[in-house]
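Okay, structure first, notes after.
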Amino acid sequence: MKEEKHSYIKGLLHGIGTLLTGMKVTGREFFTPKVTEQYPENRATLKISPRFRGRLTMPVDENGNNKCIACGLCQMACPNDTITITSESVTNEETGKKKKVLVKYEYDLGACMFCQLCVNACPHDAIRFDTEFENAVFDRSKLVLTLNKK
């Protein structure tokens, strides 16, 4: 009986100690300054990390050409099948060799999980993520983007 009482008091004191530990953490956080971002109002001063993955883009050079050779590695690397590449074979008149040419590069932003596997798989750095994050739309069909527009 005496040992039962001893273990009860020991458990009670342990419970009070853990409660005080939690209250100490809560009290410390209560007095720390808050860093809440007021998003719509602070668009001009908003700083986004350069590592942020927002939207997949296909950069172009000064002539308006992209680096994509339609190899399909990004399409194969994508776990959600968010990338669809349409290509065609074109014969070079001078050499007579066939070459794959990109016709359409579609990207479904609504199904993308921003894993960056497609960017890592691309051998020519033809695609990359930018920091655009405002992608809200009312119709899901507007989230299917054609990246190789000129």
Side-chain angles (χ1 to χ4, degrees), residues 11-150:
L12 183 66
L13 290 176
H14 177 70
I16 291 172
T18 56
L19 177 68
L20 290 176
T21 302
M23 293 301 290
K24 182 175 81 172
V25 171
T26 303
R28 184 175 48 227
E29 286 300 315
F30 184 74
F31 292 107
T32 57
K34 305 302 178 253
V35 290
T36 303
E37 294 280 344
Q38 300 299 324
Y39 164 62
E41 293 85 23
N42 70 346
R43 277 189 181 141
T45 60
L46 190 64
K47 293 193 177 32
I48 297 175
S49 170
R51 296 185 338 161
F52 178 76
R53 299 176 192 154
R55 180 186 285 197
L56 194 65
T57 60
M58 185 177 280
V60 294
D61 60 7
E62 59 276 350
N63 298 329
N65 300 323
N66 52 37
K67 297 178 185 177
C68 184
I69 60 168
C71 64
L73 291 175
C74 57
Q75 184 177 3
M76 288 186 282
C78 183
N80 290 354
D81 294 330
T82 61
I83 297 172
T84 305
I85 296 175
T86 307
S87 63
E88 64 182 22
S89 292
V90 176
T91 306
N92 190 341
E93 297 292 328
E94 298 170 4
T95 61
K97 293 184 179 180
K98 289 189 175 184
K99 181 181 177 184
K100 233 185 205 186
V101 177
L102 179 68
V103 175
K104 194 173 190 182
Y105 192 102
E106 284 187 324
Y107 164 62
D108 187 2
L109 180 64
C112 184
M113 62 183 190
F114 308 99
C115 63
Q116 203 169 359
L117 291 174
C118 57
V119 176
N120 295 339
C122 183
H124 296 283
D125 295 327
I127 55 175
R128 66 173 170 230
F129 279 102
D130 65 1
T131 56
E132 178 65 36
F133 64 93
E134 293 180 330
N135 298 315
V137 292
F138 287 107
D139 185 13
R140 287 183 60 92
S141 65
K142 293 181 182 175
L143 293 175
V144 178
L145 309 170
T146 302
L147 298 185
N148 64 326
K149 291 180 189 174
K150 286 192 176 185

Task: Candidate pair Tyr105 and Ser87, rule side-chain contact (heavy atoms from CB on, under 4.5 Å), full reasoning - done: CA-CA 9 Å; Tyr105 192 102; Ser87 63; over 6 Å; no
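- When every heavy atom of Gly72 is checked against every heavy atom of Ile85, the shortest pair comes out as CA-CD1, 3.9 Å.
- Here the shortest heavy-atom pairing between Ile83 and Cys78 reads N-SG, 4.4 Å.
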Open item on the list: Before you tell me yes or no, could you show the steps for Leu56 and Phe114 under side-chain contact (heavy atoms from CB on, under 4.5 Å), namely the whole-Å CA-CA distance, both residues' side-chain angles and the distance that decides it to 0.1 Å?
Closed with: CA-CA 9 Å; Leu56 194 65; Phe114 308 99; over 6 Å; no
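- Contact annotation: the side chain of Val137 never approaches that of Asp139 to less than 4.5 Å [non-hydrogen atoms, C-beta and beyond].
- Proximity of a side-chain donor or acceptor of Asn42 to a complementary backbone N or O of Thr45 within less than 3.5 Å is not detected.
- The CZ atom of Arg55 sits 8.5 Å away from atom OH of Tyr107, with the distance rounded to the nearest 0.5 Å.
- Using a 4.5 Å cut-off on side-chain heavy atoms (C-beta onward), Leu73 and Cys122 make no contact.
- Legend: side chain to side chain donor-acceptor pair (under 3.5 Å) pairs involving residues 113-123, not counting sequence neighbours, sorted by first then second residue: Arg53-Gln116.
- Closest approach of Leu117 and Pro79 over heavy atoms only: CD1-CD, 4.1 Å.
- How far CE of Met23 is from CG of Leu20: 8.0 Å, rounded to the nearest 0.5 Å.
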TODO: Take Cys68 and Met58, measure what side-chain contact (heavy atoms from CB on, under 4.5 Å) needs, and give me the verdict at the end.
DONE: CA-CA 8 Å; Cys68 184; Met58 185 177 280; 4.0 Å; yes
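- Taking each heavy atom of Thr91 and Lys98 in turn, the nearest pair found is OG1-CG, 3.7 Å.
- From Ile48, atom CD1 reaches atom CG of Asp130 across 9.5 Å, with rounding to the nearest 0.5 Å.
- For the 3.5 Å distance criterion, the side chains of Asn80 and Thr82 fail to qualify, holding no donor opposite an acceptor.
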Open item on the list: Run Lys99 and Asn92 through side-chain contact (heavy atoms from CB on, under 4.5 Å) and show every step you take.
Closed with: CA-CA 7 Å; Lys99 181 181 177 184; Asn92 190 341; 6.0 Å; no
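- Across all their heavy atoms, Cys71 and Pro123 have their closest contact at SG-CD, 4.1 Å.
- Of the possible donor and acceptor atoms, one in the side chain of Asp108 sits under 3.5 Å from a partner among the backbone N and O of Gly110.
- Atom OG1 of residue Thr57 and atom CG of residue Asn66 lie 11.0 Å apart, to the nearest 0.5 angstrom.
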Task: Criterion salt bridge (Lys or Arg N to Asp or Glu O under 4.0 Å) on Lys104 and Glu106, from CA distance to verdict - done: CA-CA 6 Å; Lys104 194 173 190 182; Glu106 284 187 324; 3.4 Å; yes
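- For Asn65 (side chain) and Val60 (main-chain N/O), no donor-acceptor pair under 3.5 Å exists by modelled atom type.
- Taking all atoms of both residues into account, the shortest heavy-atom contact from Thr32 to Lys34 is O-NZ, 2.8 Å.
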